[in-house]
Amino acid sequence: RDLHSFPTRRSSDLLQGRQVHILGHEQSKKAAVLLPLRERENGIEVIFEKRAAHLKQQPGDVCFPGGRMEEQDQHPSETAIRETCEELGIASKHIQLVAPLDVLVTHYHGHIYPYVGIIDADVELKPNYDEVEKIFSVPLTFFLETEPERYEVALVAQPPDDFPFDRIERGRRYRFRKGAIPEYFFTYKNDVIWGMTARILVHFVDLLKKM
């Protein structure tokens, strides 16, 4: 029914109690990752994976354990735990969720839900070699004391050939806004941490510095 056909009070009632979401979330590709911490003798470490070289997407990249939400996942936190267990070869009882981080909205219609978690110090990590080439750790103090390199990557609108320029002011001379995304780089020994993993990491470190 047309919203305008409702009385004013009835119309307002329709939206009362509505929960806020990210616009377009129904069509987005949703994934979740765990930023895993582990306490060792020398302090707290951040655990990373290096993706297997034979994977089609992002082969060889350094990342956090995680993946796409599946139908059986009732909440993104379940996705983060399930994927961590599969990729690190541990049971969920060895993972303690600490807190969610801010949702990362990607430029390809994706939403990534990051969580901070603690991995039991004495549990053995066994990488799933179907997905993971290796597992390694970096002292948290490294990220607290090291400023990442930052680069701005431009995002430029490229309308398709059949775009209806005749319906907008200035037509083909319309000035679309240009955007940019920050790309951060950390280098620890021979491993490079960048992309969405680095963006989540920078967000986490910024939160720690404000505490």
*Output the distance between atom CD1 (Ile112) and atom CE (Met69), rounded to the nearest 0.5 Å.*
13.0 Å
*Once you round to the nearest 0.5 Å, how far does CZ of Arg173 lie from CD1 of Ile168?*
11.0 Å
*Taking only residues two or more places apart in sequence, or in another chain, which ones meet Lys29 in a side-chain hydrogen bond (donor to acceptor under 3.5 Å, both in side chains)?*
none
*Please tell me if the side chains of Tyr115 and Tyr113 come closer than 4.5 Å, counting only heavy atoms from C-beta onward.*
yes
*Which pairs pass ring-ring contact (aromatic ring centres under 6.0 Å, His included) with one or both residues in residues 35-62, sequence neighbours excluded?*
Phe48-Phe64, Phe48-Phe136, Phe48-Phe143
*When Ile, Leu, Val, Met, Phe, Trp and Tyr are grouped by side-chain heavy atoms lying under 4.5 Å apart, directly or through other members, which residues fall in the same group as Val156?*
none
*Rounded to the nearest 0.5 Å, how far apart are CG of Leu55 and CG of Asp130?*
9.0 Å
*asked:* So which atom in Ser137 and which in Ile47 form the shortest heavy-atom distance, rounded to 0.1 Å?
replied: OG-CG1, 3.8 Å
_Partners meeting side-chain hydrogen bond (donor to acceptor under 3.5 Å, both in side chains) with Thr141 (sequence neighbours left out)_ = none
What side-chain donor-acceptor pairs closer than 3.5 Å can you find for residues 94-106, not counting sequence neighbours?
| unit_1 | atom_1 | unit_2 | atom_2 | d |
| --- | --- | --- | --- | --- |
| His94 | ND1 | Asp120 | OD2 | 3.0 |
| Thr106 | OG1 | Tyr108 | N | 3.3 |
| Thr106 | OG1 | Gly110 | N | 3.0 |
| Thr106 | OG1 | Gly110 | O | 3.3 |

*Residue Glu169 excluded, over 12 heavy atoms near CD under 6.0 Å*: no
*Less than 4.5 Å apart, any side-chain heavy atom of Ile119 and any of Leu37?*
no
_side-chain contact (heavy atoms from CB on, under 4.5 Å) partners for Arg40, two or more places apart_ = Arg38, Glu45
*asked:* Strictly distance-based, threshold 3.5 Å: is any side-chain N or O of Glu78 a donor or acceptor partner for the main-chain N or O of Gln74?
replied: yes
*Work out which heavy atom in Cys85 is nearest to a heavy atom in Ser92; give both atom names and the distance.*
SG-N, 3.4 Å
_Please check if the number of heavy atoms outside Asp166 that lie under 6.0 Å from its CG is greater than 12._
yes
*asked:* To the closest 0.5 Å, what do you measure between CD (Glu83) and CG (Asn128)?
replied: 10.0 Å
*Is Ile22 atom CD1 crowded by more than 12 heavy atoms from other residues, nucleotides or ligands, each under 6.0 Å away?*
yes
*Which residues satisfy the side-chain contact (heavy atoms from CB on, under 4.5 Å) test with Pro159, sequence neighbours excluded?*
Phe163, Phe165, Phe176
*asked:* How close do Glu49 and Pro65 get, counting heavy atoms only, and between which atoms?
replied: OE2-CB, 3.1 Å
*Could you tell me the separation between the CD atom of Glu39 and the CD atom of Glu41, rounded to the nearest 0.5 Å?*
10.5 Å
*Within a strict 4.5 Å, meaning less than it, do heavy atoms of the Pro114 and Phe204 side chains meet?*
no
*Going hydrophobic residue to hydrophobic residue with side-chain gaps under 4.5 angstrom, can you get from Val123 over to Val132?*
yes
*Grab the two heavy atoms, one from Ala32 and one from Ala80, that are nearest each other, plus how far apart they are.*
CB-N, 3.9 Å
*Do any N or O atoms from the side chain of Thr146 and from the backbone of Phe142 form a donor-acceptor pair under 3.5 angstrom?*
yes
*Are Tyr174 and Leu155 linked, directly or through other ILVMFWY residues, by side chains that come within less than 4.5 angstrom of each other?*
no
*Under 4.5 Å between side-chain heavy atoms, hopping through other hydrophobics if needed: is there a path connecting Val33 to Ile90?*
no
*Looking at Gln19 and His21, what are the two nearest heavy atoms and their distance?*
O-CD2, 3.4 Å
*Same apolar cluster (I L V M F W Y, side chains within < 4.5 Å links), Val62/Ile135*: no
_Atom pair CG (Leu88) and CG (Leu125), whose distance is rounded to the nearest 0.5 Å_ = 5.5 Å
*ILVMFWY network linking Leu35 to Leu207, side-chain heavy atoms under 4.5 angstrom*: yes
*Selection residues 140-159 - residue pairs positive for salt bridge (charged side-chain N to carboxylate O under 4.0 Å, His left out), sequence neighbours left out*: Glu147-Lys209, Arg150-Glu152
*Can you run down the salt bridge (charged side-chain N to carboxylate O under 4.0 Å, His left out) pairs that involve residues 181-196, sequence neighbours left out, and say none if there aren't any?*
Lys134-Asp191
*What residue among Phe186, Tyr151, Phe185 forms ring pair (Phe, Tyr, Trp, His ring centres under 6.0 Å) with Trp194?*
Phe185
*asked:* Can you confirm whether Pro76 sits close enough to Lys30 that some side-chain heavy atom of one is under 4.5 Å from a side-chain heavy atom of the other?
replied: no
*Apart from Tyr129 itself, what residues make up its hydrophobic cluster, given side-chain heavy atom links below 4.5 Å?*
none
*Got a sec, which residues hit salt bridge (Lys or Arg N to Asp or Glu O under 4.0 Å) with Arg51, two or more places apart in sequence or on another chain?*
none
_Pairs touching residues 52-76 that satisfy salt bridge (charged side-chain N to carboxylate O under 4.0 Å, His left out), sequence neighbours left out_ = Glu70-Arg82, Asp73-Arg82
